[in-house]
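Letters go in sequence order (proteins before strands), and every chain restarts at 1. Here the structure is a predicted model, which means the values were calculated and not measured. Scope of the values below: all heavy atoms of this structure, side chains included, with no hydrogens, waters or symmetry mates.
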Protein chains: 2
Amino acid sequence: MKVSKETVEQNRERVIATAARLFRERGIDGIGLVDLMKAAGLTPGGFYRQFKSKDDLIVQAVKRAYTDMSEDIAGRIAASDDPLETLVRHYVSDYHRDDPGQGCGLAAMAADAARHDNPALRECFGSIVSNYIGLLTKLVPGGTAKAKRSAAISALAEMIGSVVLSRVVPDPALSGEIIDTVSNDLVKRHAKSSRTA
Amino acid sequence: MKVSKETVEQNRERVIATAARLFRERGIDGIGLVDLMKAAGLTPGGFYRQFKSKDDLIVQAVKRAYTDMSEDIAGRIAASDDPLETLVRHYVSDYHRDDPGQGCGLAAMAADAARHDNPALRECFGSIVSNYIGLLTKLVPGGTAKAKRSAAISALAEMIGSVVLSRVVPDPALSGEIIDTVSNDLVKRHAKSSRTA
DNA sequence: CCATTATGATTACGACCATAATCATTAATC
DNA sequence: GATTAATGATTATGGTCGTAATCATAATGG
């Protein structure tokens, strides 16, 4: 059943994209290779021809999830006159809460990944965290470089924590309150011109 | 192999305590009933005599994890003259980061639980989040009740996010920076007498 | 145009999963 | 002290897991 080179590449892309979505939706260990390949429109047959192991795919899927999210954010930021508010409102939102499969890999998979001892995977998450901190450091207003980095780290933690919390809380009112409170709090605290609300 | 009533209760307690630890360490789906019972010093035989299902045990273990953590915190707070700082320094710490098995169930299991459709489990996490918010609302200084609740929600999100992030980052320097930055930031922002650092 | 080679479908493996029935043992009860 | 009832050890079941070998197919390289 040999297929053309471009088909091979398309299949490979589709498997990675599918994995990036399903790992975020169901957890890294929440989806098996058989179902994953099936969701990508293939049988599990050729998996180990394309990937060294499931751990190998996990790393590539995590990277893909990040680059997709990253490009989306970059686009929104470029088109905005208040990049930080744009980022916060996009990240800490009910849309993001309700669609983990297209959302941030940190909120969706960090707790899972922390339990994996795969060094490549952990290293990958390390870079992602660094990149997020770097992005936020650039967007956070005023102060010394050190103060900006601190504010960025705190903001990132608060953003991720709010999404994780909002996803586990079943009461829509409380879940929504968490989203609204944190997004408003972050926007206010880092307001463009440091007016005090 | 019938045993005395007190032995039964001891066994049951041990299973729940073991589950509360292992679910936090390995994830809710990261430990099977056979290994779990073995870790509790039993065989899987009598499991379904004591628990309706694994989901049933999960709920009880999550509750146990919370009450244990909650009592520990209550004790520390009662013995402190700055309860909020005590709580923050205890929660956002390298000890907590490195010992998820005895730590906060939200940081360890919320992402897992959000993917389970077990209503009892979700409801359980809902109450836990509410309780944490209630506790923090009492500890946060000054302002209106509404402002205090908002500050509490933001603080909880930041605390949980920081622990999740610090656990997944493999570089000890960055992981420690996250812990230090967030704990200092929270303590400063909610300083007892609202001095501006 | 033929030989080579890469692709993915099929099938299989051993391990583990949650769940459950069977059964020897012994505490509780009368 | 004999009967009853409950506990947990053993064993089984159907399913899924990651991994891998086998093999028909067809695109590629000469």
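Among residues two or more places apart in sequence or in another chain, the salt bridge (charged side-chain N to carboxylate O under 4.0 Å, His left out) test is passed with Arg21(A) by Glu25(A). Checked against salt bridge (charged side-chain N to carboxylate O under 4.0 Å, His left out), Arg76(A) has the following partners two or more places apart in sequence or in another chain: Asp72(A). Scanning for salt bridge (charged side-chain N to carboxylate O under 4.0 Å, His left out) contacts around Arg26(A) gives an empty result, with sequence neighbours left out. The side-chain contact (heavy atoms from CB on, under 4.5 Å) search around Ala17(A) returns Arg64(A), not counting sequence neighbours. Checked against salt bridge (charged side-chain N to carboxylate O under 4.0 Å, His left out), Asp55(A) has no partners two or more places apart in sequence or in another chain. Every residue meeting the side-chain contact (heavy atoms from CB on, under 4.5 Å) condition with Leu139(B), not counting sequence neighbours, appears here in chain and number order: Ile77(B), Pro83(B), Leu84(B), Leu87(B), Leu135(B).
Within residues 50-60 of chain A, the residues that have a heavy atom under 4.0 Å from DNA chain C are, in order of number, Gln50(A). DNA chain D is contacted by Val8(B), Asn11(B) of residues 6-17 of chain B, taking any non-hydrogen atom closer than 4.0 Å.
When each of Val3(B) and Phe47(B) is assigned the nucleotide of DNA chain C with its nearest heavy atom, Phe47(B) is the one assigned upstream, toward the 5' end. In terms of position along DNA chain C, the nucleotide closest to Gly30(B) lies nearer the 5' end than the nucleotide closest to the other residue of the pair Lys2(B) and Gly30(B).
Put simply, Tyr48(B) has no side-chain N or O that comes within less than 4.0 Å of OP1 or OP2 on dA20(C).
Side chains of Asn184(A) and Arg189(A): a donor-acceptor N/O pair is absent below 3.5 angstrom, by distance only.
Residue Asp35(A) contributes atom CG, which lies 14 Å from atom P of dG15(D) at whole-angstrom precision. dA6(C) atom P lies 10 Å from atom NZ of Lys5(A), rounded to whole Å.
Among pairs with a residue in residues 170-184 of chain B, those fulfilling salt bridge (charged side-chain N to carboxylate O under 4.0 Å, His left out) read Arg149(A)-Glu177(B), at least two apart in sequence or across chains. Residues in residues 91-112 of chain A take part in these side-chain hydrogen bond (donor to acceptor under 3.5 Å, both in side chains) pairs, two or more places apart or across chains: Arg97(A)-Ser175(A), Asp99(A)-Gln102(A), Asp112(A)-Arg115(A), Asp112(A)-Arg115(B). Counting only residues at least two apart or in different chains, ring-ring contact (aromatic ring centres under 6.0 Å, His included) contacts with residues 116-165 of chain A comprise Tyr66(A)-Tyr132(A).
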Between protein and nucleic acid, restricted to nucleotides 9-13 of chain D and to nitrogen or oxygen atoms under 3.5 Å apart, what atom pairs and distances do you find?
| unit_1 | atom_1 | unit_2 | atom_2 | d |
| --- | --- | --- | --- | --- |
| dA9(D) | OP2 | Thr43(B) | N | 2.6 |
| dA9(D) | OP2 | Thr43(B) | O | 3.4 |
| dA9(D) | OP2 | Thr43(B) | OG1 | 2.1 |
| dA9(D) | O5' | Thr43(B) | OG1 | 3.0 |

